[in-house]
Amino acid sequence: MAKEGARGGTMGFPALEPRGRRDHVAGGNAVRESVVILGIETSCDETAAAIVSNEGTVLSSVISSQASLHAKYGGVVPEVASRHHLELVVPVVRESLSEAETSLDDIDAVAVTQGPGLVGALLVGLSVAKAIAWSRGLPLVPVDHLQGHVASLYLEPDPVEPPFLCLLASGGHTLLLAVRARSRSERLGTTLDDAAGEAFDKGARLLGLGYPGGAALERLARGGDPDAFRFPVARLSGLDFSFSGLKTALLYTLRDLGEEEVGRRKADLAASYQTAIVSALVGRARAASKQTGLEKIAVVGGVAANATLRAELPEARFAPLELCTDNAAMIASAARYVERLPAPGYLGIDAYASVT
Ligand code: KG4
Ligand code: ZN
């Protein structure tokens, strides 16, 4: 049986026709190569573009991170992010085409993140995507950023097939999803306050590490004792998360210890704090898996890059490391299961800031 969604027509949408510039001869027969999608992602502080085939092969994935520009403010400054997206988006798209050894002539659809995210940042990507689609007579595919993270699992060479229980843990969101098919999922739980990545970032900030702090906190934690301090894991009924109490607990612990002791025990503090976040994620993911009967667990989003989380949930499938944090390959991947909009209808679509 053909893999679900392997061709544009399987999800009930009309199949995209390849534009016919990529014909080559194999074994004496002219073989038409796959449809290719240009993906653009500008929802936060990564300007990214990627070229992905309809079969899910990543032909290129270019990411320009602005993180170091925002580091001195301790977080992303929306206005600064928008301005940098404006400067970077065209060179990044050009580089994605050149790395894939292709040109706009070969592109069959333009996929772009519509939300959730910073509206000013999203509008840069959306405007560029509309301009490219309009000037080339291509369909536009507006993609939800969270569906994009899930679709990072559907890329070659080792895609994860639904049904599965998905833990999405990023800087902006922490969700448990029952993924029934590539185009169909339902939300089981979310965070009531901070996202898991945000908890990492806030903890890292309190420990004097830079922004974004998840990876830095993980590095510091490697030399520490995860049992040295007991940080509370919120006990909520159901499948929701809460991380804001954890950050406050760290703040009070640092205050009580005093500067000198904190300096000596930083690695222990980082390891214990990380353990509290990871055990909340692992506990809820396993509970959701049990509750739904979805035995396969998959983990996506920036926090999925965390080695302790990977070690503590060995039965789960994790998105490839390079696809955990924001990228455009996942956006192009998700576009394969979203309705394509013809011109001129897409010209009127707007970005959205929050989860719909
Ligand atoms: O998915 P992502 O790139 O952006 C959002 O959609 O939010 O996730 C970024 C988040 C940041 O909070 C960052 O600190 C966290 O993912 N992160 C990590 C690690 N790498 C990135 N958290 C823990 N351990 C890591 N190794
Ligand atoms: Zn993201």
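It should be emphasised that the depicted structure is a prediction, and the values quoted were computed from it without experimental measurement. Just so it is clear, the values below take in all heavy atoms, side chains as well, and ignore hydrogens, waters and symmetry mates. Remember, it's 1-based here, ligands and their atoms both numbered in the order they're listed.
- Applying the under-4.5 Å side-chain rule to Ile, Leu, Val, Met, Phe, Trp and Tyr, the cluster around Val233 consists of that residue alone.
- Look at Cys44 and you'll find every heavy atom at least 4.0 Å from all atoms of ligand 1.
- Taking all atoms of both residues into account, the shortest heavy-atom contact from Cys324 to His149 is O-CE1, 3.3 Å.
- Of all protein N, O or S atoms, those under 2.8 Å from the Zn ion (ligand 2) number 3.
- Heavy atoms from both the backbone and the side chain of Asn306 come within less than 4.0 Å of ligand 1.
- Regarding atom 26 (N) of ligand 1, its nearest protein heavy-atom neighbour is Glu218 OE1, 2.7 Å.
- Residues Cys44 and Ala121 share a closest heavy-atom pair of O-CB, 4.0 Å.
- With contacts defined as side-chain heavy-atom distances shorter than 4.5 Å, the pair Gln147/Tyr337 does not qualify.
- Taking a cut-off of under 4.0 Å to the non-hydrogen atoms of His149, the atoms of ligand 1 that pass are 1 (O), 6 (O).
- Using cut-offs of 30° and 60° on the angle between ring planes, the pair Phe229 and Phe231 is parallel.
- Side-chain atoms of Leu207 and Lys266, non-hydrogen and from C-beta on, do get closer than 4.5 Å to each other.
- The residue among Asp201, Thr308, Leu321 with a heavy atom at the shortest distance from atom 14 (O) of ligand 1 is Asp201.
- Applying the 4.0 Å criterion to heavy atoms of Gly197 picks out, from ligand 1, the atoms 12 (O).
- Counting the atoms of ligand 1 from 1 in the order shown, those under 4.0 Å from a heavy atom of Ala215 are 19 (C), 25 (C), 26 (N).
- Salt-bridge formation is detected for the pair Arg286/Glu315: a Lys NZ or Arg NE/NH1/NH2 atom is positioned less than 4.0 Å from an Asp or Glu carboxylate oxygen.
- With a heavy-atom cut-off of 4.0 Å, His145 touches ligand 1 through its side chain alone.
- Here the side chain of Thr191 pairs no donor or acceptor atom with the backbone of Thr174 at under 3.5 angstrom.
- Of the residues listed (Asp105, Asp108, Asp106), the one engaging Arg136 in a salt bridge (charged side-chain N to carboxylate O under 4.0 Å, His left out) is Asp105, and it is the only one.
- At the top of the distance list for atom 21 (C) of ligand 1, counting protein heavy atoms only, stands Gly302 O, 3.4 Å.
- Ion pairing of Arg284 with Asp240 is absent here, as no side-chain N (NZ or NE/NH1/NH2) approaches a carboxylate O to less than 4.0 Å.
- Heavy-atom proximity to Ser170, at under 4.0 Å, picks out these atoms of ligand 1: 1 (O), 5 (C), 6 (O), 7 (O), 8 (O).
- Here the heavy atom of the protein found nearest to atom 3 (O) of ligand 1 is Asp326 N, 2.9 Å.
- Using modelled atom types and a 3.5 Å distance limit, the side chains of Asp193 and Ser242 yield a donor-acceptor pair.
- Glu41 places a side-chain N or O within donor-acceptor distance of the main-chain N or O of Ser43, the cut-off being under 3.5 Å.
- The side-chain hydrogen bond (donor to acceptor under 3.5 Å, both in side chains) test applied to Asn306 returns Gln274, not counting sequence neighbours.
- Counting atoms of ligand 1 from 1 in the listed order, those under 4.0 Å from a heavy atom of Gly172 are 7 (O).
- Atom 10 (C) of ligand 1 has as its closest protein heavy atom Gly171 N, 3.4 Å.
- The salt bridge (Lys or Arg N to Asp or Glu O under 4.0 Å) search around Glu260 returns none, not counting sequence neighbours.
- Judged by the shortest distance from any of its heavy atoms, Gln274 lies outside the 4.0 Å radius around the atoms of ligand 1.
- Closest protein heavy atom to atom 22 (N) of ligand 1: Gly214 CA, 3.5 Å.
- Within the listing of ligand 1, atoms 22 (N), 23 (C) sit less than 4.0 angstrom from a heavy atom of Phe200.
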